[in-house]
Amino acid sequence: MQKKQSATIYDVANRVGVSLATVSRVVNGNTNVRESTKQKVLAAIEELGYQPNAVARGLASKKTTTIGVVMPDVTDVYYSELARGIDDIANMYHYDVLLTNTDEDPVREAMAVNNLAAKQVDGIVFMGNALDEEVLKTFERIDAPVVLVGALDEKSATPSVNIDYHVVMQEATKKLSENGHKKIALVLGDLSFEIHKQRLKGYQDALRHLGAEFDEELVFTTRKGYADGLKLAERLEHAGATAVISFDDEISVAIVNYFRDKGVSIPEDFEVITANNTKLVQMSRPALSSVAQPIYDLGAVAMRMLTKLMNHEEVSETQVRLPHSFDWRGTTK
């Protein structure tokens, strides 16, 4: 028999001779249906080519099996890798993903969260650093759980999955100090963001433990991007820095290229440690030494936490810190 392209739930119910409620229970996986009836309904669905309407099912069950992902930059390798971990786990648990790009603009971020809530997503994974007060208030207003990844809430009120940025910065600073550097520069993003505050504190604490003075002239902030990295490298040169820890791989590649073009030997005369260990670090020459973040796992764990929150399951730890390591390559001694 030729399949009906516009088959409805009514067609399935009429074919089997059952109520709409029975068909709905079968479609939604409810076990309270006699097995023989279930098989007849499934056979009718297959024969008629019925496609359940996800929106209608969501209205009935108050679930859409859809999650939203707020992403600061879809072209950024770090966030793309996080998204891959999120998407794989979402698929495993049969959730569709709605992705929105914000360019790390707090106004667009709040708007994105509101728009996703209006679409009745069951939950949201939020990436990025720009967690201003309005974005946090938006989290509180919507009727869906939110999990942060690669972002920190100063009050730890929002569930999150990250590495320990404070400890990372302590270890990186100690490594460069042990290599003989007295002028270790630190490159960060906007210091109003908690993630960069944690990095700065780790750097300062490491210097204090090493008995070294903190020099604010060696702390630089910049936007992401290769061109911004080149401008930043010139400032590092003028400051007399002999080593740098950078929060972004693309900026780190720009710094390496700038100094090599100036005839500076890396790592003999200038050392670089970058933060994210994306595929860019191995494309650089020399390859960049980096914090080895479990980027894919960060996204995957965040999504798994979100599934538990959406299903009202117990979550023993809402501020998860995954382990990190370092991959020492050609930009450190």
Side-chain angles (χ1 to χ4, degrees), residues 77-78 81 162-189 195-196 198-215 217-222 224-226 228-295 322-333:
V77 180
Y78 174 74
E81 184 71 1
N162 289 280
I163 59 172
D164 192 325
Y165 302 103
H166 178 270
V167 171
V168 164
M169 206 54 60
Q170 285 183 307
E171 293 171 350
T173 305
K174 183 173 182 286
K175 164 69 174 177
L176 293 175
S177 177
E178 289 172 346
N179 286 359
H181 295 281
K182 303 297 183 187
K183 300 195 77 171
I184 302 168
L186 176 63
V187 178
L188 301 169
I195 193 169
H196 295 307
Q198 289 294 319
R199 285 171 166 146
L200 176 59
K201 187 173 186 302
Y203 170 78
Q204 291 172 318
D205 287 348
L207 291 175
R208 186 172 63 255
H209 292 149
L210 292 164
E213 275 192 42
F214 168 67
D215 183 355
E217 298 298 319
L218 289 172
V219 176
F220 301 85
T221 60
T222 182
K224 288 186 177 183
Y226 187 82
D228 293 301
L230 291 176
K231 293 175 185 175
L232 187 280
E234 187 175 4
R235 294 165 63 197
L236 292 174
E237 182 184 27
H238 291 160
T242 61
V244 64
I245 308 165
S246 167
F247 79 106
D248 178 71
D249 291 351
E250 193 170 343
I251 288 171
S252 299
V253 171
I255 292 170
V256 168
N257 289 348
Y258 176 89
F259 279 99
R260 289 196 70 193
D261 288 345
K262 289 279 186 173
V264 176
S265 180
I266 294 176
E268 289 76 16
D269 299 323
F270 194 90
E271 294 192 63
V272 181
I273 298 176
T274 192
N276 295 331
N277 214 28
T278 63
K279 61 185 179 182
L280 291 176
V281 303
Q282 296 190 52
M283 295 179 185
S284 171
R285 288 296 175 267
L288 279 152
S289 294
S290 179
V291 180
Q293 293 196 42
I295 306 175
L322 296 188
H324 67 274
S325 59
F326 286 83
D327 284 342
W328 303 115
R329 300 187 180 93
T331 59
T332 49
K333 298 172 187 175

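Positions are given from 1, in the same order as the sequence printed here. Everything quoted here is computed from the prediction, not taken from an experiment. Scope of the values below: all heavy atoms of this structure, side chains included, with no hydrogens, waters or symmetry mates.
Taking the ring pair (Phe, Tyr, Trp, His ring centres under 6.0 Å) definition, one finds that F270 meets it with F259, sequence neighbours left out. Qualifying side chain to side chain donor-acceptor pair (under 3.5 Å) partners for K174, counting only residues two or more places apart in sequence or in other chains: E178. Residues passing the salt bridge (Lys or Arg N to Asp or Glu O under 4.0 Å) test with D205 are K201, R208, sequence neighbours excluded. Applying the side chain to side chain donor-acceptor pair (under 3.5 Å) criterion to E171, with sequence neighbours excluded, gives H324.
Of all non-hydrogen atoms in G189 and T221, the two that sit nearest each other are O-CG2, 3.4 Å. For the pair V256 and S284, the tightest heavy-atom approach, listed with the atom from each and the gap, is CG1-OG, 4.1 Å. L232 and F220 make their closest contact through CD2-CB, 3.5 Å (heavy atoms, listed as atom of the first residue, atom of the second, distance). Taking all atoms of both residues into account, the shortest heavy-atom contact from G330 to P267 is O-CD, 3.3 Å. Across all their heavy atoms, A185 and L236 have their closest contact at CB-CD2, 3.5 Å.
Annotation: ring-ring contact (aromatic ring centres under 6.0 Å, His included) contacts involving residues 169-189, sequence neighbours excluded, are absent.
Residues T222 and K231 have side chains not in contact (no heavy-atom distance under 4.5 Å, counting atoms from C-beta outward). Annotation: side chain of Y258 is in contact with side chain of E237 (closest heavy-atom distance under 4.5 Å).
I195 CD1 to H166 NE2: the interatomic distance, rounded to the nearest 0.5 Å, is 14.0 Å. Atom-to-atom distance recorded for Q293:CD and D327:CG is 11.5 Å, nearest 0.5 angstrom. In this structure, NZ in K183 is found 9.0 Å from CD in E217, a value given to the nearest 0.5 Å. The structure places CD1 of I184 at 9.0 Å from CD of E271, a figure rounded to the nearest 0.5 Å. Distance OG1/T173 to CZ/R199: 12.0 Å, rounded to 0.5 Å. Rounded to the nearest 0.5 angstrom, L280 CG and L288 CG are separated by 9.0 Å.
Under the 3.5 Å distance criterion, the side-chain polar atoms of R260 are matched with a main-chain donor or acceptor of R285. Of the possible polar contacts, one joining the S289 side chain to the R329 backbone as a donor-acceptor pair under 3.5 Å is found.
Under the 6.0 Å distance and 45° angle rule, K333 does not count as a cation-pi partner of W328.
Side-chain atoms of Q170 and Y203 include no donor-acceptor pair closer than 3.5 Å.
Counting non-hydrogen atoms of neighbouring residues, nucleotides and ligands closer than 6.0 angstrom, the CD atom of E268 exceeds 12 such neighbours.
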Pairs of donor and acceptor atoms involving the side chains of residues 243-254, under 3.5 Å and at least two apart or interchain, shall be tabulated with distances.
from: S246; atom 1: OG; to: D248; atom 2: N; distance (Å): 3.3
from: S246; atom 1: OG; to: D248; atom 2: O; distance (Å): 3.2
from: S246; atom 1: OG; to: S252; atom 2: OG; distance (Å): 3.1
from: D248; atom 1: OD2; to: E250; atom 2: N; distance (Å): 3.2
from: D248; atom 1: OD2; to: I251; atom 2: N; distance (Å): 3.0
from: D249; atom 1: OD1; to: T274; atom 2: OG1; distance (Å): 2.6
from: D249; atom 1: OD1; to: N276; atom 2: N; distance (Å): 3.1
from: D249; atom 1: OD2; to: N277; atom 2: N; distance (Å): 3.1
from: D249; atom 1: OD2; to: T278; atom 2: N; distance (Å): 2.8
from: D249; atom 1: OD2; to: T278; atom 2: OG1; distance (Å): 2.7
from: E250; atom 1: OE2; to: Y226; atom 2: N; distance (Å): 3.2
from: S252; atom 1: OG; to: D248; atom 2: O; distance (Å): 2.9
from: S252; atom 1: OG; to: T274; atom 2: OG1; distance (Å): 2.8

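Of the candidates L207, L218, L200, L200 is the only one forming a side-chain contact (heavy atoms from CB on, under 4.5 Å) with L186.
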query = Can you list the steps and then say if H196 with Y165 is a side-chain contact (heavy atoms from CB on, under 4.5 Å)?
reply = CA-CA 8 Å; H196 295 307; Y165 302 103; over 6 Å; no

inquiry  = side-chain contact (heavy atoms from CB on, under 4.5 Å) for V168 and I163? Distances and angles first, verdict last.
reply    = CA-CA 8 Å; V168 164; I163 59 172; 3.8 Å; yes

